[in-house]
Amino acid sequence: MGRMQALRGKLTYANVISTLCLFMLLGGGAYAATQLPKNSVGAKQIKNGAITGKEIKKGTIDASKLTASAVATLKGTKGDLGPVGPQGTQGLTNGGAFASVAVGEEIVFVGDHPGFAAVEKAQEGVYCLTPTSGTNIDHPIASVDLANSGGEKSKFVEPLANGAVVGCDPGRLEVHTLELLGEPLVLEPSNAVAFTVFAPGT
């Protein structure tokens, strides 16, 4: 009884209130830590660096949750080259072709002649050009090459469109060259007209 009396003698109003406040404080803290409402903690409540890789469960974060700069750092090593796929089908050609033809003792191409393999004279003022495979000669265009043509008369050149032929074998481009000759002037076939021909294709 002596001890109880001694303890009661030391109890004061201030001591009791202090003890009660400490108990409530500790009890409230325990409640806050164990009874938080769902979704009550967000980005604003979490300090930078507070959550590390150890606290994140595998598979809970995908690329959609990361910034673009973070995704850019996630590149792995380059994989092996895959097998070669099958070859595709041959594409269609537009059939474009071009050639300049010189006349004289020999009938020859001048410079490059893409789309044409050969040229020869069939008869007076008629030339046959052999197209390479895939060249479309249905809509040819031609012009006189005055710098390489002989004489001083007016000169003309006419390619036969749509594959029409008179003096050449079918499938070849036929070109007619003409001059104004005689008195009075008459348009006649001529072997003195150099020309350039272009087949634009389709």
Side-chain angles (χ1 to χ4, degrees), residues 62-64 66-202:
D62 57 25
S64 65
L66 303 176
T67 63
S69 58
V71 173
T73 66
L74 300 178
K75 292 181 180 179
T77 57
K78 188 175 181 180
D80 296 333
L81 186 65
V84 178
Q87 183 175 350
T89 57
Q90 177 65 42
L92 297 176
T93 178
N94 67 1
F98 169 85
S100 290
V101 176
V103 297
E105 294 183 2
E106 289 185 296
I107 309 301
V108 294
F109 288 123
V110 178
D112 295 333
H113 44 93
F116 291 106
V119 60
E120 62 184 35
K121 185 173 70 173
Q123 59 193 53
E124 183 80 9
V126 177
Y127 300 89
C128 305
L129 285 79
T130 304
T132 58
S133 177
T135 298
N136 188 317
I137 58 173
D138 287 346
H139 306 285
I141 304 169
S143 63
V144 175
D145 180 4
L146 291 174
N148 294 305
S149 298
E152 298 179 357
K153 304 293 184 181
S154 297
K155 298 172 175 56
F156 302 89
V157 59
E158 178 187 10
L160 298 191
N162 302 315
V165 291
V166 177
C168 302
D169 294 332
R172 304 180 77 184
L173 175 59
E174 184 169 330
V175 177
H176 292 197
T177 55
L178 309 103
E179 280 189 285
L180 285 173
L181 302 172
E183 291 292 343
L185 293 174
V186 178
L187 200 58
E188 299 283 354
S190 171
N191 292 331
V193 182
F195 62 91
T196 296
V197 65
F198 174 62
T202 56

Rounded to the nearest 0.5 angstrom, the CG-CG distance for L160 and D138 is 12.5 Å
Here the gap from L181 atom CG to L187 atom CG, rounded to the nearest 0.5 Å, amounts to 8.0 Å
Paired with K121, the side-chain contact (heavy atoms from CB on, under 4.5 Å) test is passed by just one of V126, T177, N191, namely N191
So CG of L129 and CZ of R172: to nearest 0.5 Å the spacing works out to 8.0 Å
Report all side-chain donor-acceptor pairs from residues 98-118 shorter than 3.5 Å, counting only partners two or more places apart or in another chain.
residue : atom : partner : partner atom : Å
S100    : OG   : T196    : OG1          : 3.0
H113    : ND1  : F116    : O            : 2.8

Residue pairs passing the ring pair (Phe, Tyr, Trp, His ring centres under 6.0 Å) test with at least one member in residues 168-196, sequence neighbours excluded, are Y127-F195
Note: A192 and S149 closest approach over all heavy atoms is O-CB, 3.4 Å
Exactly one of C168, P159, P140 clears side-chain contact (heavy atoms from CB on, under 4.5 Å) with E174, and that residue is C168
Residues E124 and S190: closest non-hydrogen pair is OE2-CA, 4.1 Å
Closest heavy-atom pair, C128 versus G167, reported as atoms and distance to 0.1 Å, is SG-O, 4.0 Å
All heavy atoms of A199 vs all of N136, minimum pair found to be CB-O, 3.5 Å
